[in-house]
Amino acid sequence: MSGYDFTAIEKKWQEYWQANGTFCQPNPGEEGFDANKPKMYVLDMFPYPSGAGLHVGHPEGYTASDIVSRYKRMKGFNVLHPMGYDSFGLPAEQYAVEHGVHPRETTEKNIANIERQIKMFGFSYDWSRRIATTDVEYYRWTQWIFLQLFNSWYDPEANSARPIDELIAKLESGELLVDLEGRAVMAPLTESFSAIAGIPSVDLKFGELTHEEQRAVIDNHRLAYMAEVPVNWCPKLGTVLANEEVTNEGKSDRGDYPVFRRNLKQWMLRITAYATRLLEDIEIVNWPEPIKIMQRNWIGKSSGASVDFEIAGGDGETIRVYTTRPDTLYGATYMVLAPEHQLVEQITTAEQKAAVDEYVAQAANKTELDRMTEAKEKTGVFTGAFAINPITGEQIPIWVADYVMMGYGTGAIMAVPAHDTRDHEFAMQFDLPIRPILKQRNEDDARYFVEVKADQFQLLWDAFVKDQSLCPALRGIGAGNIDSFTPEGRTYNPDVDDPNINPILVMSIQTKRLIFVGQTGIDALVSAACPNLQVKPIAQCTSELDESLEYIGSEEINGLAPEAGKTRMIEYVEEKELGRSSTQYKLRDWLFSRQRYWGEPFPIVHCENCGTVGLRDDQLPLELPPMDDFSPASSDDPEAPPKPPLGKMTDWVNTTCPCCSGPATRELNTMPQWAGSCWYYLRYLDPKNSEQFCDPKVADYWMGSGDDGGVDLYIGGAEHAVLHLLYSRFWHKVMYDLGHVRTPEPFGKLFNQGMITSFTYRDSRGVCVPNADVEFREDGVYNKAGEKLSESIEKMSKSLKNVVNPDDVIHQYGADTFRLYEMFMGPLDASKPWNTRDVPGLFRFLQRVWRLVAGDAENDQPALINDNMNDDIEKALHKLIKKVGEDIEAMKFNTAIAAMMEFVNACFKAGCITTNQAERFVLVLAPLAPHIAEELWQKLGHAESLAHEPFPTYDEKILIESTVELPVQVNGKIRSRITVAADATQEEILAIAKAEEKVASGIEGKTLIKEIVIPGRMVNLVVK
RNA sequence: GCCGGAGUGGCGGAAUUGGCAGACGCAAGGGACUUAAAAUCCCUUUUUCUUCGGAGAGUGCGGGUUCGAGUCCCGCCUCCGGCACCA
């Protein structure tokens, strides 16, 4: 110890900040608000307050955002930096059920604990803005936003959400009609696709519908609606489960109870209406590219065509398919329906009925997850019926198979086994015809492969070498080349290797595949070497348009390349009225209800007269009623209806309709955990507002407006790359459409911190050894019994015994050391392993800082501060100020800390630092290690906190070096170094370089062919 | 399978984006101060050869472009993350 008593210092400053409201940031119009400053909204992903408390991953992002916040404050910004809790959710409820405590109680206890932990780090949050999604005054507005969704529809004409009343007005005026499927459509209706398909187009006037029908039409257009959807239903737990909560065996993750797939009426949010905008607006945000790609993939836009296939002998009845490759229609040799497809029963022939029924029944009992994991092998059954390929006119069989999903496209496909890997597998399995309609434009480029085992590889290879005459493609490969082909894998690349050698590509044995480009003789060679091996053409996958291909046997498009062929075929099917261009998305509507207690109640009642009715704004909040027994109803019967826990609260359930005042019952489901986190960043802006979710003037200030608005910096883990960020964007866009916010996107800039992993040690039996129990020796890691352990880097988890608790680290070294360590580990966005043995290094650095500025009282060592103004230290300080500022802006904290260490080392070496220099250094350190910085600042004679002191500035002029050292290379090898004036001319530099002894001997007697001088960098002399 | 990201000393990682590879920290070894330990300070630490002057090799592997490649191009391997029969 050197007098650096971090425990006392950190406590002291945390209390000071709290008592002085150092980080309270007033809103525009409030006392103390400075309108002249620019604004910065720095947001963290708020934590779920679990009983386990914080793990070391949380403070990683929080420290980064805190550094930026503190830096920006010193740079003269109004900084909004809030924190709160995402406190609804399953674990609290589960714990409550098991221990008989109310979830509110556990939640509050957990919040208190996690807040205590967060506060230990000294983060500069404005705690006056703290929220929790379980606060009644918070979820009141979650319910209010839900009602905005409920009371809106998506107007395709305006490409925007509009109040549902506008839809009703348009329907009543006859501006919109209702089509056969209950959709509001423009009047007069343009010739609809159903008309093309032979269904008479009967568009109805809204006024002619019954009351119930009218209500159904309206409800079908709401952004929040109820629908029968397939769910994972667990009667024992009395609830539906998310896919992630179902095991591979079709059991519930908790309890191991059977789970059934069942259609249940659930609340859905119409996120699909926003698919296009969610996709397009990814372009306007500053997010990491991988996250953008993940969102794009999740939305999954594809374009192609819908095509109708007539059923043979079916009186003109058709099956509609969606395909991204209508250009392969000539190769469609069979069709497949999803087991749930409504036509299955109708078209199945008598002979096939038993088999089909059995298959469909089997498929119905599988969960999505089953289908996903088990169905590596294709299964299916023939219906006995045939369809007519609309372009070739031939009859093709119709099959039922579960590799076709009901939820995507039309639930039916045309199968092109020659050019789609899945269709190909299925066709091979059931011996269905395969007709190639694409070939390599250039024969020599045609690719073939054989699958080989290691011993076969050698056999083949020997054959290649010995019998080159068998295979002209191989002629010219010399023995020297051959040698470098080893079973470990070495490639021969036709593009860059000797061009005289005919093209052949050999891929590694490890992929168990040899791939040949150019076919001549390969098949003969292979069968000669290994008679049981077969050369197969590589299937051309349909998802990518491979422009090196051309069509054969496809009358309309022969000779075209796929890009052009696809465009032409879409035109063609539209001309012939066989189908039309179509776009599909993978994105599905969002299943929004849960049969649980600990969530936001829906502000909805069900009334016999009025149907599903939203509460009035003045009836909010609808509080979650206190209950003693909130466990869901359990049953052994898969047909048992779901009974959400709220159903037991009869007094609460039975109410009156806000519309007709007649008897009504409340909605019993609650919202999923995502709901609260969809909009919390807006509530922070104005957390105490009881009139609105947020004052628009306040939102305008902090969020800005237009495409470049939104939260200025949002930091969090990549585990929320899709769901939370997509849901939030969706809600925000609805709010934007309805005029409640003025930016199209919620988060202008996003940054993902990497995962903090941990070293995991296992003994010879594979049993994990706790990190605390291992012993490091020179040649490895051992357990207490002296057994050598294997080491690997894995996620932190209890079962791997590699979890690090931040409390322990802070207790031993303090928060500043912890913060520095996590920032010093490596780049913020990279995943990196925690290594407790590295932590003392950062602690030592802070002690050196302390001794530099405050001295070491215990060892009677004074601070290094004196009046000796050293120019080198001054220059180093200016460099440091520049470097740290730039690194913080770029979130490169690891190199900022390294630079500070270098500076401190330089000061000790020089033996001096002035008071003024020490002050500037302390300010530079402050964003990263705020407690020690505050204490030293005070010791330097300042009464006030440094939190709002201006960040030091640097002078470019001081940074300019008068001389530079340049490496001198001869033929690219460094021979010497020279020191020249920074402004030396090329001639001068060359003259000095050539005069250098080592260089001179290197070029002596040789011809100088090129002289390269890069000023300030290096010199290279090329000689022959 | 598809889509991302990454591979640099014993370890975590630097390298102004094509210009001195290994900054900074950890660990290890040696030394100083101490009765001793801790703490602190100094030196060594990519690797091979060495006549101790130095010489060679080196950023997952094989090639290429360039005066010059960790960085760019082609091909491959491994690890991590995400998606997963999306027609």
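Since this is a predicted model, take the numbers as computed values, not measurements. Chain A is the first sequence line, chain B the second, and so forth, proteins listed ahead of strands; every chain is numbered from 1.
Between A:Q969 and A:G407, the residue anchored nearer the 5' end of RNA chain B, judged by the nucleotide with its closest heavy atom, is A:Q969. Residue A:W298 is the one, among A:W298 and A:A412, whose nearest nucleotide of RNA chain B lies closer to the 5' end (criterion: closest heavy atom).
The side chain of A:P290 has B:G5 as its nearest neighbour among B:A23, B:G5, B:C85. Residue A:I1014 places its side chain closer to B:G19 than to any other of B:A27, B:G19, B:A87. Of the candidate nucleotides B:G56, B:A87, B:G25, B:G25 has the atom lying nearest to any side-chain atom of A:M901. Closest to the A:N905 side chain, of the nucleotides B:A57, B:C24, B:A87, is B:C24. Looking at the side chain of A:I413, the nearest of the listed nucleotides B:G25, B:C24, B:A87 is B:A87. The side chain of A:K1010 sits closest to B:C67 out of B:A87, B:C67, B:C85. When distances are taken from the side chain of A:R844 to each of B:C85, B:C26, B:G19, the shortest belongs to B:C26.
The separation between A:H424 atom NE2 and B:G1 atom C1' is 16 Å, rounded to whole Å. B:C85 atom C1' lies 16 Å from atom CE of A:M406, rounded to whole Å. Remark: P of B:C41 and CG of A:L864 are 12 Å apart, rounded to the nearest angstrom. Rounded to whole Å, atom C1' of B:A38 lies 14 Å from atom CD of A:Q812. In this structure, CZ of A:F845 is placed 17 Å from C1' of B:U40, rounded to the nearest angstrom. The CG atom of A:L928 sits 18 Å away from the P atom of B:C24 (whole-angstrom rounding). Rounded to whole angstrom, the span from the NZ atom of A:K292 across to the P atom of B:C83 amounts to 20 Å. Rounded to an integer number of Å, the gap from A:M414 CE to B:A87 P is 12 Å.
Taking the six-membered ring for Trp and thresholds of 30 and 60 degrees, A:W399 and A:F430 have ring planes inclined between 30 and 60 degrees apart. The aromatic rings of A:F818 and A:W834 are tilted relative to each other, their planes meeting at an angle between 30° and 60°.
Counting any heavy atom pair closer than 4.0 Å across all strands shown, A:T757 reaches no nucleic acid atom. Contacts of A:N297 with the nucleic acid, taken as non-hydrogen atoms under 4.0 Å apart, involve only primed sugar atoms and P, OP1 or OP2. Looking at heavy-atom distances under 4.0 Å, A:M294 makes contact with sugar-phosphate atoms alone, never a base. Contacts of A:E289 with the nucleic acid, taken as non-hydrogen atoms under 4.0 Å apart, are absent. Note on A:I974: only backbone sugar-phosphate atoms sit closer than 4.0 angstrom, heavy atoms only; bases stay farther off. Residue contacts for A:K973: at a heavy-atom cut-off of 4.0 Å it reaches the sugar-phosphate backbone alone, with no base atom in range. Residue-level contact check: A:D829 touches neither bases nor backbone, having no heavy atom under 4.0 Å from any strand. Within 4.0 Å of A:I1012, counting heavy atoms only, lies at least one base atom of the nucleic acid.
The P atoms of B:A6 and B:C73 are separated by 13 Å, rounded to the nearest whole Å. Only the C1' atoms considered, B:G25 is 25 Å distant from B:C33, to the nearest whole Å. For the P atoms, the distance from B:C77 to B:G62 is 15 Å, rounded to whole Å. Taking atom C1' on both B:C72 and B:G19, the two are 14 Å apart, rounded to the nearest angstrom. Taking atom P in both B:G10 and B:A23, the straight-line distance is 14 Å, to the nearest Å. Using C1' as the reference atom, B:G22 and B:C80 are 24 Å apart when rounded to the nearest Å. Taking atom P in both B:C76 and B:U50, the straight-line distance is 42 Å, to the nearest Å. Using atom C1' as the reference point in both B:G13 and B:G7, the two lie 13 Å apart (nearest Å).
Its glycosidic angle being more than 90° from 0, B:G63 falls on the anti side. A glycosidic torsion no more than 90° from 0 defines the syn conformation; B:G25 lies beyond that range and is anti. Because its glycosidic torsion is within 90° of 0, B:U17 is reported here as syn.
Atom CZ in A:F843 sits 13.0 Å away from atom CZ in A:F845 (nearest 0.5 Å). Atom CG in A:D423 sits 10.0 Å away from atom CD1 in A:I434 (nearest 0.5 Å). Atoms CG and NE2, on A:L726 and A:H720 in that order, are 13.0 Å from each other to the nearest 0.5 Å.
The backbone N or O of A:T760 lies less than 3.5 Å from no partner atom in the side chain of A:N802, so there is not a single donor-acceptor pair.
Between A:V1023 and A:T1007, every side-chain heavy-atom pair lies at or beyond the 4.5 Å cut-off.
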>> For A:F903 and A:F921: C-alpha separation, side-chain torsions, deciding distance, then whether ring-ring contact (aromatic ring centres under 6.0 Å, His included) applies.
In response: CA-CA 9 Å; A:F903 177 76; A:F921 173 72; 5.3 Å; yes

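Residues A:S302 and A:Y585 have side chains that never bring a donor and an acceptor to within less than 3.5 angstrom of each other. Residues A:S792 and A:Y761 bring no donor and acceptor atom of their side chains to less than 3.5 Å of each other.
Between A:R851 and B:C41, a side-chain N or O to OP1/OP2 separation shorter than 4.0 Å is present. An OP1 or OP2 oxygen of B:C2 is reached within less than 4.0 angstrom by no side-chain nitrogen or oxygen of A:K586.
Salt bridge A:K879/A:E902: absent, no basic N to carboxylate O contact under 4.0 Å. Using a cutoff of 4.0 Å between basic side-chain nitrogens and carboxylate oxygens, A:E1011 and A:K994 are scored as salt-bridged.
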Could you list the protein-to-nucleotides 7-17 of chain B atom pairs, N/O on both sides, closer than 3.5 Å?
| unit_1 | atom_1 | unit_2 | atom_2 | d |
| --- | --- | --- | --- | --- |
| B:G12 | O2' | A:M825 | O | 2.8 |
| B:A14 | OP1 | A:N894 | ND2 | 3.0 |
| B:U16 | N3 | A:R1017 | NH1 | 3.1 |
| B:U16 | N3 | A:R1017 | NH2 | 3.1 |
| B:U16 | O4 | A:R1017 | NH1 | 2.3 |

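Note that A:K378 lies in the cation-pi zone of A:Y403, set by a 6.0 Å cut-off to the ring centre and a 45° limit from the axis.
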> How does RNA chain B look in dot-bracket form if you count Watson-Crick and G-U pairs under 3.5 Å, write [ ] for pairs that cross, and put | where a base pairs with another strand?
Replying inline: (((((((..(((......[....))).(((((.......))))).((((....))))..(((((..]....))))))))))))....

